[in-house]
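This report refers to the structure that appears directly beneath it.
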Amino acid sequence: MPEFSLPPQYDAGSVEGPLYQQWLDAGIFTARVDSPRQPYVIVMPPPNVTAVLHMGHGLNNTLQDAIIRFERMRGREALWLPGTDHAGIATQNVVETQLAREGKTRFDLGREAFVQRIWTFVNATGSTILEQLKTIGSSCDWTRTRFTLDPALSRAVREAFVRLWEEKLIYRGHRVIHWCPQSLTALSDEEAEFHEINGHLYYIHYPLADGSGQVTVATTRPETLLGDTAIVVHPKDPRGAPYIGKMAKLPITGIEIPILADESVDKEFGTGFVKVTPAHDANDFEVGLRHHLAMPLVMTEDGKMGGAGSGERVPPTLAGLDRFEARKKIVKMLEAQGLLAKVESHQHAVRRCYRCDSIVEPRLSDQWFVKMKPLAEPALEAFRRGELKFVPERWETTYTLWLEGIRDWNISRQLWWGHRIPVFTCTKCKHQWADRVDPAACPQCGGPVTQDPDVLDTWFSSWLWPFSTLGWPDATPDLARFYPGHTLVTAPEILFFWVARMVMSGIHFLKRPPFSTVYLTGTVRDTKHRKMSKSLGNGIDPLDVVRLYGADALRWTAIAGVSIGSDLILDPDDLEATFAPGRNFANKLWNIGRFILSQLPERVPAIDAIDRKMLTLADRWILSRCRATIETATRANEQFRLDEAAKLCYEFVWGDLADWYVEAVKPRLGPGSPAYAVLTYCFDTALRLLHPVVPFITEALWQKLPGRKPGELLAAAPWPAPIAGAADAQADAGFGRVQELITAIRGIRAEYRISPKTRLTAALTSRTAQAYDAESETVTRLAGLETLTLGPVPKGVGAHAVLKDGSDVFVALDGSIDVTQECKRLSLDRDRLDKQLAGLSAKLSNESFVSRAPAEVVAKERDKEQAWRSQLGALNDKLKALGCA
RNA sequence: GGGCGAAUAGCUCAGCUGGUUCAGAGCGCCUGCCUUACACGCAGGAUGUCGGGGGUUCGAAUCCCUCUUCGCCCACCA
């Protein structure tokens, strides 16, 4: 016997760290360029460099890790490439907030010092989240960790920009964009999120210039009236006819604006008259273009009334006021002048900055745009050709609809943290171009040049991630070997931001989509179905979970607790209910291992060295179950049904192996027993199958199994293949009957409150014979019997049970039997069966069923009917014998 | 306004191509057990008109329609 000193409780905390270190030391997470294996690549959605691990990361990265570990074990050259995103606005905001606490702004520091300050911050804290990912077992290739602002990735960004520029896909657009007055930058359509608010609809009178009356408009944003340059009405609206062509006077400033006809007006809404503010509303901008209107800005970049050029349009009483203060004041002024007709409450959507939540201000400005149609088309075609699939499939429509309606992408941000836009302008000859290297002088006239002050949208670097991380634009060995990758696992929130754009860039720059499967996860929510977030205070810190329950427990809940793509609901107020199942399962594995290890001799023969003739029914049964589990779990994993695979293995380990096989085999463990090989094989297999889900506990145990070579790691071990000849339907059925018999006797024991210590006498009249006697010792022991006799039921008082095949069980119960209760119990059984049988018979005598249902189904039902009849007959006999029929 | 998803035991969820021992799991609950691997355990047990209503079918938790309730995404009615 080997020395045996494992404690009865698995201590994840002391085991996980060293195991992770073993994996790192062995270098098994490092993908090799020169191996003969087929690659399998997952690129990690790079978390923000400022992020700390939350449950969303926990879920997402656990899934990725389980997939990559599965593929690694299946013999693929697995690459899971980690990294972080510089997260332009988010990171800049964090450091600006720090500065604000010192009473400073970024303008006090100046661009260079400010960027330096961010770098200092990022260098100090930027690897936090990656370190945290290690604690949950993430098997990333840390030798390939990337950051979107690494020199190599910045070069890729610049290359991509210049190429698009050269292809004329980048242009300067003068239009109304989403402007965040807090972050002081433009945003893309995707970065300005819609939120419903309960606002107001203000009805405002605009007097006619000729004094002949007034028109009334409805608006949600009265403050913008200062920038109005027209009023429009639908050409077919009879209410408008008398006014079209006249001039109206703006309230407050008295500026005169024309009343025009425009088809874009919805006659049903408001008064039919619409005020037009071309510089502060995207629709109005379009109207302005059609009618060649002036487009004055009346707000500053930080959302205050006024600003350069607003001159006479913003009176001194309003200038400098915040836009929402100004709104209140203007409403008061209108009221005072009798120009406010009415105010209605009005629910409508406003856009907010996705980073700071400020209400976005539409604002006319000049920005760089990418022309997206030419990029979107190939991305749609690739999908239609089947080069890309989504799991779950329902996201396919979302993907295609977005690409079909794609709009140009505003990529310039008025920030300092990020990739500076490589557009240069000659101050002398005004030549403008994009360049891969910073030019010293204008290539056309030799004049001095200036660079565009803005930086690129963070997502402009993210969309290159699957290949910029592999060395593109250089033709590196990594790029050749690991592009395109295979599976992308991410949250649906960034389907447009990131996923669709990666597909577009991958196809555009490398002719292939960067991955073939997009697995979209669900969202982590609390029991009230609210998204877990710091601001709501309903979060669960994954590191707390790791500390209290172990990383495997966290992973178990993340994988087994949720089916493909559905939300993961966790209870922050009941961590025990949420994470104990995984911990308990790990502990169960630990104790099965403890038991097995305490029994095994030094050397255990391989399973294929065992002569099948030496095996008992129980042996053949567990091997058959083991084989089935390998097959079903493998298939489930292949289909990304990780929850399904996990539960199948759980059932095998706990339900079959621990509850039945280990108990059945105990007395047979002795020198020369083939049971050693069976037990070891099954446990070893289970550990392999479970490794992707619970890598730590499985690794810890697997290394202790006999026959391990030094340094051998489960994480790098092969995935199990079903052994030939293990499938055994007879054993499945035979041991199934044994289980049924034992359960029936245990049931009787529980019902009659017989102490577990009392040995009972039982008799079995078997209708299908065999099987029971093959495992009679098992039955005797596990059912707590003194003896089990096979043959006719003896006379005497006792409890009865009838098995599925009609076999008859009798348990002698001397004085303690209660005939009334026994009758009740058996009649309940009988009634249930009777009812089922009635239904079944009706079905079988139904002409249309017999003729229309497949013959197979009918035959199955016939067999079933026969079995039930026999069972029912036996029950009736019992009842009659007891005199209670 | 358009699109998508969900509704199954007290809670969190499975139930894949429709076939009565598939109405299931975990947690919780009830009963009995520290049976020398495990009380983070063992054995036994209760609990559900599978959201409502129609339909298709020999047969529906499973397919179709509709209603209700929740959630998400998209959208230029100010």
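Protein chains get the first letters and strands the later ones, always in sequence-line order, with residue 1 at the start of each. It should be emphasised that the depicted structure is a prediction, and the values quoted were computed from it without experimental measurement.
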- Item | Given rU21(B), rG19(B), rA37(B), the nucleotide with the shortest approach to the side chain of P854(A) |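 Of rU21(B), rG19(B), rA37(B), rG19(B) is nearest to the side chain of P854(A).
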
- Message: Can you identify which nucleotide, out of rG15(B), rC38(B), rU20(B), has its nearest atom closest to the K864(A) side chain?
- Response: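 Comparing rG15(B), rC38(B), rU20(B) against the side chain of K864(A), the answer is rU20(B).
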
For the pair made of [atom1] in [X] and [atom2] in [N], what is the distance, rounded to whole Å?
| X | N | atom1 | atom2 | answer |
| --- | --- | --- | --- | --- |
| I596(A) | rA37(B) | CD1 | P | 12 Å |
| E393(A) | rU17(B) | CD | C1' | 13 Å |
| E861(A) | rU21(B) | CD | C1' | 11 Å |
| E644(A) | rA14(B) | CD | P | 11 Å |
| E196(A) | rG71(B) | CD | P | 13 Å |
| K267(A) | rA78(B) | NZ | C1' | 17 Å |
| K757(A) | rU36(B) | NZ | C1' | 13 Å |

Does [X] reach a base, just sugar-phosphate, or nothing at all? Heavy atoms under 4.0 Å.
| X | answer |
| --- | --- |
| A636(A) | nothing |
| A853(A) | base |
| D659(A) | sugar-phosphate |

- Picking from T229(A), D284(A), D281(A), T224(A), what satisfies side chain to side chain donor-acceptor pair (under 3.5 Å) with K275(A)?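 It is T224(A), the one option of T229(A), D284(A), D281(A), T224(A) that forms the side chain to side chain donor-acceptor pair (under 3.5 Å) with K275(A).
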
- Test F585(A) against every option in W556(A), F579(A), W590(A), Y10(A) by the ring-ring contact (aromatic ring centres under 6.0 Å, His included) rule and name the one that passes.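 Result for ring-ring contact (aromatic ring centres under 6.0 Å, His included) with F585(A): W556(A).
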
- Name the one of W395(A), F496(A), F497(A) that satisfies ring-ring contact (aromatic ring centres under 6.0 Å, His included) with W402(A)?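 Between W402(A) and the candidates, ring-ring contact (aromatic ring centres under 6.0 Å, His included) is satisfied uniquely by F496(A).
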
- Hey, does the Lys NZ or Arg CZ of K588(A) hover above the aromatic six-ring of Y650(A), less than 6.0 Å from the centre and inside 45° of the axis?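 Not flagged: K588(A) not positioned over aromatic ring of Y650(A).
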
- Message: Only pairs with both distances under 3.5 Å count, Watson-Crick or wobble alike; so what is the partner of rG44(B) in this structure?
- Response: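 Per the H-bond distance test, rC30(B).
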
- Message: Looking at rU35(B), I'd like to know if its phosphate oxygens (OP1 or OP2) sit under 4.0 Å from a side-chain N or O belonging to K666(A).
- Response: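 Looking at the OP1 and OP2 atoms of rU35(B), neither is under 4.0 Å from any side-chain N or O of K666(A).
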
- Is there a side-chain polar atom (N or O) of W654(A) under 4.0 Å from OP1 or OP2 of rC42(B)?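 It does, given that an N or O in the side chain of W654(A) lies less than 4.0 Å from OP1 or OP2 of rC42(B).
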
- Under 4.0 Å protein heavy-atom contacts per nucleotide of nucleotides 4-10 of chain B, with B for base, S for backbone only and - for none: SS-----

- Determine whether any donor atom in the side chain of E663(A) lies under 3.5 Å from an acceptor atom in the base of rA37(B), or the reverse, and answer yes or no.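 Flag set: donor-acceptor pair detected.
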
- Item | Exercise: do H200(A) and S345(A) side chains pair donor with acceptor under 3.5 Å |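 Side-chain D/A pair, H200(A) to S345(A): absent.
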
- Compare all side-chain heavy atoms of Y661(A) with those of L679(A) and state whether any distance is below 4.5 angstrom.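 Touching, per the 4.5 Å side-chain cut-off.
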
